[in-house]
2 protein chains.
Amino acid sequence: MRALTPKGAATRQRIVEGAAKLIRDHGPANVGLDDIRAATTTSKSQIFHYFPDGKADMLLAVAAHEAELVLAEQEPYLSDLTSWAQWEAWRDRVIARYAAQRRRCPLSALTAQLGLADPAVEGIITGMYARWHRHVADGVRSVRPDADAERAATQIIGAIVGGATMLVATDDIRYLEIGLTEAIESLKNA
Amino acid sequence: MRALTPKGAATRQRIVEGAAKLIRDHGPANVGLDDIRAATTTSKSQIFHYFPDGKADMLLAVAAHEAELVLAEQEPYLSDLTSWAQWEAWRDRVIARYAAQRRRCPLSALTAQLGLADPAVEGIITGMYARWHRHVADGVRSVRPDADAERAATQIIGAIVGGATMLVATDDIRYLEIGLTEAIESLKNA
DNA sequence: GGCATTTTGGACCGCACAGTCCAATCCACG
DNA sequence: CGTGGATTGGACTGTGCGGTCCAAAATGCC
């Protein structure tokens, strides 16, 4: 891929963000290139110009964008889980975020839908979870040096993913609220 | 819908089960009517004969079938969580089951993919979760009469769903193992 | 056995949608 | 300015797939 002029880069960006939003709102299965074209005021040729391998190529960029978003949304807390107060601020931020987005959930769209077919997307997802896991495990170590940090991080992330999945499936936020709260609680009492 | 002769009922059943298996293996998005036709040695007209409203109609039957399966797999333990030994047997059964099916997961296919578009399928799913929740809450009450049974059941089911989702996404069983084990553990120490 | 109904086969239709192509325009740089 | 590459518009193509249709075979019923 040759150099991209500022204008080109902006167009590419507009496509990725527009597509990401559509996919979040309607699910990957219900979003066609024409929808993306319409929502981003671009033309077919632009999509294929910036994503030579077509839709799969673009979905890869969307996945990377969304994976970044999932972690970015949790900052600055996620990188600094060094006190119980920070842990609680993080938990509240996560819950508030998911309560707000409700079913438009980048995490669920990524994990449960985008990653299914394409191994490349799968790689992005596992990478995202690895980074997430590392942050949480670091946090565990700083408040509970004696605990099994890997195990605790696995439990906590599992609770969030379960909560997000149930939120999308049943529109009920309690699975996330209770699951995450209890996971942190059990860490405190370890 | 008029009466169905035994032969007709058998064909209908064959279609539902064949479709369910294909969907479990390849995901709803990657299964077409022709695949189902081929896998069940039926013809297009049979599918539309037994499911007049077409694919959506058939997916509804598949969803009901799979929802039944998810709960049936957990029996006889799920209906009789009256001692810690039963709880542990149930936990082991659930983990073994998911470890065996790995990514071919009826629960995830239902929750994260089938239910997205069709409100009728969504109803089946919420009904399934309601039944599941009731069983688990009953179990909690019988071993921990003092605990908040609704809250505990929510936590436990959330952990399983999270574990199943992560199993599909990353092929890692530990999210389920650890999540479910710790959720039950925290119930014991409540 | 004969009539009605259900069941089955498979050709056919139409559309949605990813992907192609080429000509028109914009822009950087000499 | 003028030239070449980047960018854009949009018509067009091919096809995969859900859905329709009708006629033939099997089955149930009296």
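Values below: all heavy atoms of this structure, side chains included; hydrogens, waters and symmetry mates excluded. Lettering of chains follows the sequences in order, A, B, ..., and the numbering in each one begins at 1. What you see is a predicted model, and the numbers here were worked out from it, not measured in a lab.
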Full working for side-chain hydrogen bond (donor to acceptor under 3.5 Å, both in side chains) between A/Y129 and A/T111:
CA-CA 10 Å; A/Y129 278 115; A/T111 305; 2.7 Å; yes
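Distance A/K55 NZ to C/dA16 P: 15 Å, rounded to the nearest Å. Following rounding to the nearest Å, B/N30 (CG) and D/dG16 (C1') show an atom-to-atom distance of 13 Å. For the pair A/F48 CZ and C/dT20 P, the computed distance is 6 Å after rounding to whole Å. The CD1-P distance, from B/I47 to C/dG10, rounds to 14 Å in whole Å. The interatomic distance linking B/H49 (NE2) with C/dT5 (P) rounds to 13 Å, in whole Å. The CD1 atom of A/I36 sits 16 Å away from the P atom of D/dT8 (whole-angstrom rounding). Across the protein-nucleic acid pair, B/F51 atom CZ and D/dG18 atom P stand 15 Å apart, rounded to whole Å. One interatomic measurement links the two molecules: CG of B/L33 to P of C/dG10, which rounds to 17 Å at whole-angstrom precision.
One finds a side-chain N or O of B/T5 lying less than 4.0 angstrom from the OP1 or OP2 phosphate oxygen of C/dT7. Neither OP1 nor OP2 of D/dT7 sits under 4.0 Å from any side-chain N or O of A/K7. For the OP1/OP2 pair of D/dT8 and a distance below 4.0 Å, the side-chain nitrogens and oxygens of A/T11 include at least one atom meeting the criterion. Phosphate contact (OP1/OP2 of C/dT8, side-chain N/O of B/Y50, threshold under 4.0 Å): present. In terms of phosphate contacts, A/Q46 brings a side-chain nitrogen or oxygen within less than 4.0 Å of OP1 or OP2 of D/dT8.
Rounded to the nearest 0.5 angstrom, A/H133 NE2 and B/Y175 OH are separated by 4.5 Å. Taken from CD in B/Q74 to CZ in B/R93, the straight-line distance is 9.0 Å, to the nearest 0.5 Å. Distance check, rounded to the nearest 0.5 Å: CG of A/L167 to CD of A/Q101 gives 7.5 Å. Here B/E150 contributes atom CD and A/I178 contributes atom CD1; the two are 9.0 Å apart, rounded to the nearest 0.5 Å. For the atom pair A/Q155 CD and B/S186 OG, the distance stands at 7.5 Å (nearest 0.5 Å).
Taking a 4.0 Å limit (strictly below) on heavy-atom distances, residues 13-23 of chain A does not reach DNA chain C anywhere.
Mapped onto DNA chain D by nearest heavy atom, B/A56 and A/A9 fall at different nucleotides, with A/A9 at the one closer to the 5' end. Annotation: of the two residues near DNA chain D, A/R37 and B/D34, the 5′-most nearest-nucleotide partner is A/R37.
Under 3.5 Å, the side chain of B/K44 and the base of C/dG9 form no donor-acceptor pair of N or O atoms.
Side-chain contact check for B/E177 and B/T181: no donor-acceptor pair (N or O, by modelled atom type) lies under 3.5 Å.
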